[in-house]
Amino acid sequence: MRRILAALFATAALATTMGCSDDPDPVGASKRQPADAAEVEHVGGVHLPSGTKLLYAESAGFADTDLWAVFRLPTTALDGFLSDGKLPKPVPGLRTAADSFTARDGLDPKAAVTVSGIDEYTDAKPGTYPRMMMFDLDQPGEVTVYLRAETT
């Protein structure tokens, strides 16, 4: 009888910790929280140059961290941003991160006309940052960057 009770308690405890309960936010789940520039740099593996305006950033995670960030940087800082982050040359027309964002606060990646993008997310190599970026080039003098990244 003790073994049966012990097995029942162990099963109930395991079901609760694995999210098999009525709780809509099971243990280990993480809601999106505001992120700051330091977290954007750390998770995204980038350096935000002087003059960058962080427009929106959120992260979520438990063991790994997921990041969604939108920022503007001066057009003159784009080359340095790419080289500091060891990023490849953006591909014209590539809208990699657009589906990761919804329109909010006047930011709509799907409305951008002239874009380029980087996809290091789909085929991330060990020791690299799984990330993708879309560069909105519509505004003169500045680039709006949509960054989706995660730590692994």
Problem - Between CZ on residue R148 and CG on residue D99, distance to nearest 0.5 Å - result: 12.0 Å

Exercise for the section: Answer yes if the ring centres of Y56 and Y146 are under 6.0 angstrom apart, and no otherwise. Expected result: no

Handout entry: Flag for E39-S59: side-chain donor and acceptor within less than 3.5 Å
Key = yes

Practice task
Please report the closest heavy-atom contact between I118 and L82, naming both atoms and the distance.
Solution key: CD1-CD2, 3.9 Å

Problem - Side-chain cluster (under 4.5 Å, hydrophobic types only) that V91 belongs to, other residues - result: L94

Practice task
Compare every heavy atom of V40 with every heavy atom of A69, then report the nearest pair and how far apart it is.
Solution key: CB-CG2, 3.9 Å

Practice task
Treating Ile, Leu, Val, Met, Phe, Trp and Tyr as nodes and any side-chain heavy-atom pair under 4.5 angstrom as an edge, say whether W68 and V145 lie in one connected cluster.
Solution key: no

Exercise for the section: Determine whether V143 and L54 fall in the same hydrophobic cluster, where Ile, Leu, Val, Met, Phe, Trp and Tyr are linked whenever their side-chain heavy atoms lie under 4.5 Å apart. Expected result: yes

Handout entry: Euclidean distance, H42 NE2 relative to T65 OG1, rounded to 0.5 Å
Key = 7.0 Å

Practice task
Using modelled atom types only, decide if a donor and an acceptor are shared between the side chain of R131 and the backbone of E120 within a distance under 3.5 Å.
Solution key: no

Practice task
Over all heavy atoms of both residues, which pair between G117 and T96 is shortest? Give the atoms and the distance, please.
Solution key: CA-OG1, 4.4 Å

Practice task
For the pair D136 (side chain) and A112 (backbone), establish whether a donor and an acceptor sit closer than 3.5 Å, ignoring hydrogens and angles.
Solution key: no

Exercise for the section: Check whether any side-chain N or O of E58 sits under 3.5 Å from a backbone N or O of L67 as a donor-acceptor pair, and report yes or no. Expected result: no

Handout entry: Partners meeting ring-ring contact (aromatic ring centres under 6.0 Å, His included) with F135 (sequence neighbours left out)
Key = none

Problem - T75 OG1 to L137 CG distance, which is reported to the nearest 0.5 Å - result: 7.5 Å

Exercise for the section: Can you see which heavy atom on E142 is nearest to which on R72, and at what distance? Expected result: OE2-CD, 3.3 Å

Completion exercise
Looking only at heavy atoms, the pair that brings A98 and K110 closest together is O-CE, 3.9 Å

Problem - Separation of L78 CG from S116 OG (nearest 0.5 Å) - result: 7.0 Å

Problem - Nearest heavy atoms of F81 and L87, plus distance in Å - result: CE2-CD1, 3.9 Å

Exercise for the section: Enter the distance from T144:OG1 to D108:CG here, rounded to the nearest 0.5 Å. Expected result: 11.5 Å

Exercise for the section: Please answer: with hydrophobic residues joined when any side-chain heavy atoms are less than 4.5 Å apart, are L147 and V43 in the same cluster? Expected result: yes

Practice task
Examine distances only and state if a side-chain atom of T52 and a backbone atom of L73 form a donor-acceptor pair shorter than 3.5 Å.
Solution key: no

Problem - Nearest-0.5 Å distance that lies between atom CZ in F101 and atom CE in M134 - result: 9.0 Å

Practice task
With the side chain counted from C-beta on, respond yes when V46 and D84 share a heavy-atom pair under 4.5 Å apart, and no when they do not.
Solution key: no

